[in-house]
Enquirer: 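Got a structure here, written out as structure tokens. Questions coming.
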Amino acid sequence: MRLFRVLVAILILFVSFADCAAQQASFDLIITNGHIIDGTGSPWYSGDIGIRDGRIVAIGKLSQAQSKRTMDVHGMVVAPGFIDMLGQSEETILVDPRLPSKIFQGITTEVTGEGGSAAPLNDSIVQADKTKYEHLKITPDWRTFRQYFARLEKQGIGINVADYVGATQVRRVVLGDADVQPTSAQLDQMKALVRDAMHDGAVGVSTSLEYAPAPYAKTEEIIALASEASKFGGIYATHMRSEGDAITASIDETARIGREAHIPVEIWHLKVAGKANWHRMPEIIAQINAARAQGIDISADTYAYTAWSNDFSAFIPPWAHDGGDAKLIERLKDPATRARIRKDMLTPSKTWDNEWNEIPGPESVLITAVQNRKLLPLQGKTLADIAKSENKDPLDALCDLLIEDDAFTSVAVFGMSEDDVSLALQQPWVSINNDSSGASPEGLLGEEHPHPRAYGTFPRILRKYVREEKKLALEDAIRKFSALPAQRMHFTDRGVLKAGMWADIVVFDPSTIKDVATFEEPNQLSQGMEYVLVNGVPVIDQGKMTGKLSGKVLRGAGYQP
């Protein structure tokens, strides 16, 4: 008994010493009087957070501690910074590295690289994609991820970024844009490119199997590339072959890739597309739960809008993309080939993701971005509007616009059911993606008319699904924004508020935070983020952007310095 009392006394002294040390420690910043929601899904608790050298070093009662600055957040929520599971900012971060559309949502980390990726590059891809680079006034002076990451670090970035290497990207380096299958030697080249990317810091390998030339790849090719990423602790992320009529077959393929490549799987922007498939989400959830029950590490994410956004050219069947955009435009100009394209678009199919058959009509397609400046007045108009004003059949208007814009055009497409969207959002293994590149209401990026999710995804979920519809608890929404994606991406030092973690932190009032962007007026920053810290540095301070570029490149487990 006496020994027990001695041990208790020692413990009390230790706790007192630790508390005293925290009180006397010098911090760069203390966030005080907040309601801490730590990211784990636990209820909020009161406490102060002490930050030094970019990291959280203490949580508790720090009222007597020394600090260069104290933020009294008087009862607002203090939470981990939000992680965007598919961000698409590879190029726009070079245009405006502050990424205002992201930070005003509370996004402090973005994961990107959807099938295509920033690297590897070669001269032929740069030439083929010159319209994209010219549109953003970017000179692609890198060829590897190592070089690309060095460029980001030299210029500075406003948020943390992590990149997948795209299976489509390595295919294009080796095979170009043609509908061909790799030889054994060519597949070895592709695997070597994945291996090099993982050594450079890529977090895994990804596919976007709807967009040519990706559909030309057979499952075995993807398994081979995913297996290479798996050796380095990577993840396989996918925009599946079909999100519509053939979605169950696509999930089967995705599960097979995870199983045979021995790799965790992330399904990007989980949806059931097309009116004929509305209300199938319970079936899809059951299929994914069955795969998880079999031991396949499979999860998903969503942006929780009923409209998706993609390349306008995705409406065209894959065979017509063989050889790239230049060949596609040639085919659209040829009357006989165009007639074949039209026939395929009007014919239901499970061999490709036929978006034309998934939408109610041309009124469901909104033009969001063009490259040809003569076409700027079309941004924000529907395909039905354009067809009517030009006195054209909608399919002819679609094909003519692709020709005029060098197949660059982007669109938002209204093709999902709200019931399906909200049900997917509520699944415990579903996190959140923005699926839009970082934007700004000002400058070059402000000239586009993006999907409103570019500015509003995370605050919209907090407003609509937490505050108004109560389909998510606030603590669970924060978990989906932080700890859940951090766990999936193996970000072991982010996503939760605890000592030792990087200080990616958001502070907001849950009763007022809201999205402002609409389909009619998308270039509007979300409102309600009082403070956003990236690695301990405020990028939003008292609701205003500071311009600080404190983000880091987050490299995967296979990185070799």
Side-chain angles (χ1 to χ4, degrees), residues 88-92 94-96 101 116 124-140 177 211-213 307-317 320-335 337-338 341-342 345 355-356 362-413 436-452 454 519-523:
Q88 311 280 21
S89 299
E90 299 98 311
E91 283 90 29
T92 60
L94 300 173
V95 178
D96 187 345
S101 65
S124 63
I125 292 177
V126 170
Q127 179 61 27
D129 294 351
K130 67 177 183 178
T131 301
K132 172 180 71 174
Y133 295 119
E134 288 173 355
H135 175 72
L136 293 173
K137 298 179 171 54
I138 290 171
T139 301
D177 292 318
Y211 307 120
W308 64 82
S309 182
N310 59 9
D311 295 338
F312 203 17
S313 61
F315 280 98
I316 306 297
H321 293 260
D322 185 2
D325 288 344
K327 290 292 186 183
L328 169 63
I329 291 167
E330 282 181 26
R331 294 182 182 109
L332 291 171
K333 289 179 176 178
D334 177 66
T337 312
R338 182 150 155 175
I341 290 169
R342 180 188 183 93
M345 289 174 66
E355 290 192 10
W356 191 257
E363 69 281 357
S364 301
V365 183
L366 183 77
I367 308 302
T368 59
V370 296
Q371 187 273 336
N372 184 341
R373 298 191 68 81
K374 294 179 181 178
L375 302 174
L376 283 173
L378 300 184
Q379 290 183 165
K381 295 185 182 300
T382 68
L383 180 59
D385 294 334
I386 295 166
K388 183 177 180 181
S389 67
E390 297 179 356
N391 196 27
K392 291 179 180 177
D393 171 85
L395 276 179
D396 283 330
L398 187 159
C399 294
D400 290 344
L401 181 50
L402 286 174
I403 292 168
E404 288 182 75
D405 205 29
D406 290 329
F408 176 88
T409 317
S410 297
V411 292
V413 183
S436 292
S437 57
S440 171
E442 304 168 347
L444 178 63
L445 301 181
E447 294 179 3
E448 296 186 357
H449 188 104
H451 190 302
F519 284 98
E520 294 75 25
E521 297 289 341
N523 288 302

Enquirer: With rounding to the nearest 0.5 Å, note down the distance linking CG in Leu375 to CG in Leu401.
Expert: 6.0 Å

Enquirer: Report yes or no: does Thr368 contribute a side-chain atom to a donor-acceptor pair with the main-chain N or O of Ser410 at less than 3.5 Å?
Expert: yes

Enquirer: Which heavy atom of Glu355 sits nearest to which heavy atom of Ala314, and what is that distance?
Expert: OE2-CB, 4.1 Å

Enquirer: Return the NZ to CG distance between Lys130 and Asp406, rounded to the nearest 0.5 Å.
Expert: 8.5 Å

Enquirer: Within the distance-only criterion (no hydrogens, no angle test), does the side chain of Arg338 pair as donor or acceptor with the backbone N or O of Leu332 below 3.5 angstrom?
Expert: yes

Enquirer: Go through it in stages, so that I can follow the logic: the residues are Leu378 and Thr409, the test is side-chain contact (heavy atoms from CB on, under 4.5 Å), and I'd like the CA-CA distance, side-chain angles, deciding distance and then a yes or no.
Expert: CA-CA 10 Å; Leu378 300 184; Thr409 317; over 6 Å; no

Enquirer: How are the rings of Phe315 and Trp356 set relative to one another: parallel (under 30°), tilted (30 to 60°) or perpendicular (over 60°)?
Expert: perpendicular

Enquirer: For Arg342 and Asp396, what are the C-alpha separation, side-chain angles and deciding distance, and is it a side-chain contact (heavy atoms from CB on, under 4.5 Å)?
Expert: CA-CA 9 Å; Arg342 180 188 183 93; Asp396 283 330; 4.1 Å; yes

Enquirer: If we ignore hydrogens and angles and just use 3.5 Å, is the side chain of His321 paired with the main-chain N or O of Tyr211 as donor and acceptor?
Expert: no

Enquirer: Of all heavy-atom pairs between Ala407 and Leu328, which one has the smallest distance, and what is that distance?
Expert: CB-CD2, 4.1 Å

Enquirer: If you count heavy atoms of other groups shown closer than 6.0 angstrom to NZ of Lys381, is the number above 12?
Expert: no

Enquirer: Working to the nearest 0.5 Å, report the span between CG of Asp96 and OG of Ser89.
Expert: 10.5 Å

Enquirer: Is a side-chain N or O of Asp393 found less than 3.5 angstrom from the main chain of Leu395, in a donor-acceptor match?
Expert: yes

Enquirer: Determine yes or no for a side-chain-to-main-chain donor-acceptor pair under 3.5 angstrom, with His449 supplying the side chain and Phe519 the backbone.
Expert: yes

Enquirer: Look at Lys374 together with Glu404 and state whether they make a salt bridge at an N to O cut-off of under 4.0 Å.
Expert: no

Enquirer: Which value, rounded to the nearest 0.5 Å, describes the distance between Asp385 atom CG and Lys388 atom NZ?
Expert: 8.0 Å

Enquirer: Counting N and O atoms only, with roles assigned by atom type, does the side chain of Thr382 sit under 3.5 Å from a partner on the main chain of Val365, one being a donor and the other an acceptor?
Expert: no

Enquirer: If you take all heavy atoms of Pro317 and Ile341, which pair is closest and at what distance?
Expert: CD-CG2, 3.9 Å

Enquirer: Checking the side chain of Asp405 only, and the main-chain atoms of Asn372 only, is there a donor and an acceptor separated by less than 3.5 Å?
Expert: yes

Enquirer: Return the minimal non-hydrogen interatomic distance between Ala454 and Ser437, and the atom names on each side.
Expert: CB-O, 4.4 Å

Enquirer: Can you tell me how far apart CG (Leu402) and CZ (Phe408) are? Round to the nearest 0.5 Å.
Expert: 12.5 Å

Enquirer: Specify the closest pair of heavy atoms between Asn523 and Pro441, including all atoms of both residues, with the distance to one decimal.
Expert: O-CB, 3.7 Å

Enquirer: Shortest non-hydrogen contact from Ile316 to Met345?
Expert: CD1-SD, 3.9 Å

Enquirer: Carefully, step by step, assess Val411 and Asn310 under the rule side-chain contact (heavy atoms from CB on, under 4.5 Å).
Expert: CA-CA 6 Å; Val411 292; Asn310 59 9; 3.7 Å; yes

Enquirer: Should Leu398 and Leu383 be marked as a side-chain contact (heavy atoms from CB on, under 4.5 Å) after you check the CA-CA gap, both sets of side-chain angles, and the distance that decides it?
Expert: CA-CA 7 Å; Leu398 187 159; Leu383 180 59; 4.1 Å; yes

Enquirer: Is the number of heavy atoms from other residues, nucleotides or ligands within 6.0 Å of NZ (Lys132) greater than 12?
Expert: yes

Enquirer: Is there a donor-acceptor pair closer than 3.5 Å between any side-chain N or O of Asp177 and the backbone N or O of Ala212?
Expert: no

Enquirer: Considering residues, nucleotides and ligands other than Glu447, do more than 12 of their heavy atoms fall under 6.0 Å from its CD?
Expert: yes

Enquirer: What distance do Leu376 atom CG and Gln371 atom CD have between them, rounded to the nearest 0.5 Å?
Expert: 9.5 Å

